[in-house]
Amino acid sequence: MADAGAKRAADGVETELSQKGKRAKADNDHDQGEERKDSESENILCGFKTSNVLSDSAREKIIFIHGKLADQEAVVILEKTPIREDTLTELFSGSRLKLEMKNDIYSTYRLQAPPHLNEIKTTVVCPATEKHVKRHQRQESFLVEETEGDYRSITLPYIQEQSFSVQWVYNILEKKAEADRIVYEDPDPEVGFVLLPDLKWDQKQVDDLYLIAITHQRDIRSLRDLTSGHLPLLQNILQKGEEAILQRYKLPASKLRVYLHYQPSYFHLHVHFTKLGYEAPGCGVERAHLLADVIQNLQSDPQYYKTRTLYFPLRADDGLLSKFKEAGRL
Ligand code: M7G
């Protein structure tokens, strides 16, 4: 999980950041109106029954809860949103302040902000599978070494049976969901993709910018399927994705971390675009592969990702980890 302190750390370009902050806010004003309408019309969480807390972090101000929503298994994620520079004037003038203690030059207060400046980003997964529940449980991880043979004999059969549904991805590609959130689309069936905000990003500030590019091609599961034949697709995503982000959020390529996960959670090729300096979950070296490196590796060896041994972490309760153990590979 990301370190919230680092995640919100300023990267030192004051004016640039505040401009972007304003831009992100402006982009979001329209959405906010819609969100408010939605939440006012129906609070589906009023009947949520908590079973247990899967994990939480006081530092990151996030909690993952397992429970039931209308008799269906559900996971609810609550995360306090960052404080935005462009709301400070209103925050200082429009809040109530309660003194907790005062000692010499030091004092602490409880600041009660107006409700719209004190929101909690809420993600609901319902109905949630056992896999969704396990995914958010605090767990030990183990690094797995996957050879070309391991991929064919252990991983591939497992993911063909067990991976998460990618229906949400097809809904995006077919404009059945999130169509109004699309930032850029290249509709070409071979090299095209849809770029849109990731579920994890509330779009209120560019400090934690997070978008994903989802390919129109549906038969590329992951990094492992890529060959030099996919170079036009990968180069297109990198170039047009960066251009679209520069245009919309005024962030140049030099401020972006563009990468693929191996292993991903969802086996339909997609690329993560996050702001450099934001420690997005899963951006560590054991899981993230820079798209620029992937392109170069395929240029020097067309079969690079088919043949290389790849390393990735698996959680203690992951069924794939058991398969590696059974095969004597761990
Ligand atoms: P991943 O590398 O397959 O797995 O990335 P990860 O979730 O372990 O990182 C999938 C990415 O898609 C993640 O960054 C998710 O937050 C994001 N994502 C997942 N879902 C279900 C949705 C969704 O419904 N909409 C959007 N916009 N993003 C999603």
Side-chain angles (χ1 to χ4, degrees), residues 1-2 7 27-28 31 35 54-55 60 62 64 74-77 79 121-129 131-139 141 144 155 159 162-185 193-203 208-215 218 220-226 237 241 244-245 248 256-275 278-291 294 305 310 312-315 317-318 320-321:
M1 190 42 65
K7 146 172 136 179
D27 288 343
N28 208 43
D31 295 350
E35 276 160 25
L54 298 167
S55 59
E60 290 165 21
I62 191 164
F64 298 83
V75 172
V76 173
I77 305 165
E79 182 180 11
K121 176 170 160 45
T122 304
T123 308
V124 178
V125 184
C126 182
T129 63
K131 216 172 159 193
H132 286 109
V133 175
K134 278 187 176 171
R135 182 169 185 231
H136 296 298
Q137 236 151 8
R138 195 164 285 131
Q139 285 265 328
S141 290
V144 170
T155 308
I159 59 177
Q162 299 283 334
S163 53
F164 280 127
S165 159
V166 289
Q167 187 55 50
W168 66 272
V169 171
Y170 297 153
N171 289 346
I172 289 171
L173 296 177
E174 292 164 20
K175 318 285 159 26
K176 291 179 180 160
E178 305 188 52
D180 54 337
R181 287 159 46 88
I182 293 175
V183 169
Y184 176 81
E185 176 171 15
F193 64 97
V194 170
L195 179 75
L196 80 169
D198 191 278
L199 189 70
K200 293 199 268 291
W201 188 36
D202 67 6
Q203 302 180 71
D208 55 354
L209 175 137
Y210 199 145
L211 293 109
I212 41 168
I214 300 174
T215 60
R218 295 190 178 199
I220 315 169
R221 277 176 293 243
S222 73
L223 201 59
R224 272 285 186 213
D225 286 341
L226 294 175
I237 293 177
I245 290 175
R248 172 73 75 100
L256 295 177
R257 187 194 288 116
V258 186
Y259 56 99
L260 293 92
H261 276 157
Y262 193 76
Q263 281 193 331
S265 300
Y266 302 95
F267 287 84
H268 173 117
L269 196 77
H270 56 274
V271 175
H272 302 251
F273 287 75
T274 62
K275 180 161 183 277
Y278 163 50
E279 281 187 39
C283 74
V285 291
E286 74 279 30
R287 197 159 174 234
H289 298 251
L290 281 182
L291 180 56
V294 171
Y305 290 101
L310 295 177
F312 54 87
L314 285 177
R315 294 151 52 88
D317 65 357
D318 195 312
L320 185 56
L321 188 74

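If you read the sequence from its start, that first residue is 1, and numbering goes on from there. Whatever order the structure lists them in is the order used to number ligands and atoms, beginning at 1.
- Protein heavy atom at the shortest distance from atom 10 (C) of ligand 1 is His270 NE2, 3.4 Å.
- For ligand 1 and Pro264, the ligand atoms under 4.0 Å from any heavy atom of the residue are 2 (O), 3 (O).
- Separating the CD atom in Gln203 from the CG atom in Asp198 is a distance of 10.5 Å, to the nearest 0.5 Å.
- Closest heavy-atom approach to atom 15 (C) of ligand 1 among the candidates Asp198, Ile182, Leu199, Asn171: Asp198.
- Annotation: Pro197 places an N or O atom under 3.5 Å from an N or O atom of ligand 1; distance criterion only.
- Remark: Arg248 is not positioned above the aromatic ring of Tyr184, lacking an NZ or CZ atom under 6.0 angstrom from the ring centre and at most 45 degrees off the axis.
- For His270 and His272, the ring centers sit closer than 6.0 Å to each other.
- Only the side chain of Ile212 comes within contact range of ligand 1, with a heavy atom under 4.0 Å; no backbone atom does.
- Of the protein's non-hydrogen atoms, the one nearest atom 25 (N) of ligand 1 is Glu178 OE2, 2.7 Å.
- Distances below 4.0 Å separate heavy atoms of Arg135 from the following atoms of ligand 1: 6 (P), 7 (O), 8 (O).
- Closest protein heavy atom to atom 2 (O) of ligand 1: His261 ND1, 2.6 Å.
- Closest to atom 18 (N) of ligand 1, if we only count protein heavy atoms, is Trp168 CH2, 3.5 Å.
- Contacts with ligand 1 closer than 4.0 Å are made by side-chain heavy atoms of Arg287 only, the backbone lying farther away.
- Residues Val125 and Phe64 are not in side-chain contact: their nearest non-hydrogen atoms beyond the backbone lie 4.5 Å or more apart.
- Contact annotation: for Tyr266 versus ligand 1, heavy atoms closer than 4.0 Å belong to both the backbone and the side chain.
- Closest to atom 4 (O) of ligand 1, if we only count protein heavy atoms, is Ser265 OG, 3.0 Å.
- Between Phe312 and His261, the distance from one ring center to the other does not fall under 6.0 angstrom.
- Counting heavy atoms from C-beta on, the side chains of Leu260 and Leu269 come closer than 4.5 Å.
- Heavy-atom separations between Phe164 and ligand 1 are all 4.0 Å or longer.
- No more than 12 heavy-atom neighbours from other residues, nucleotides or ligands sit within 6.0 angstrom of NZ on Lys176.
- Side-chain contact between Phe267 and Asp225 is absent, with no heavy-atom pair separated by less than 4.5 Å.
- A pairwise comparison of heavy atoms in Leu196 and Ile182 identifies CB-CA, 4.1 Å as the closest pair.
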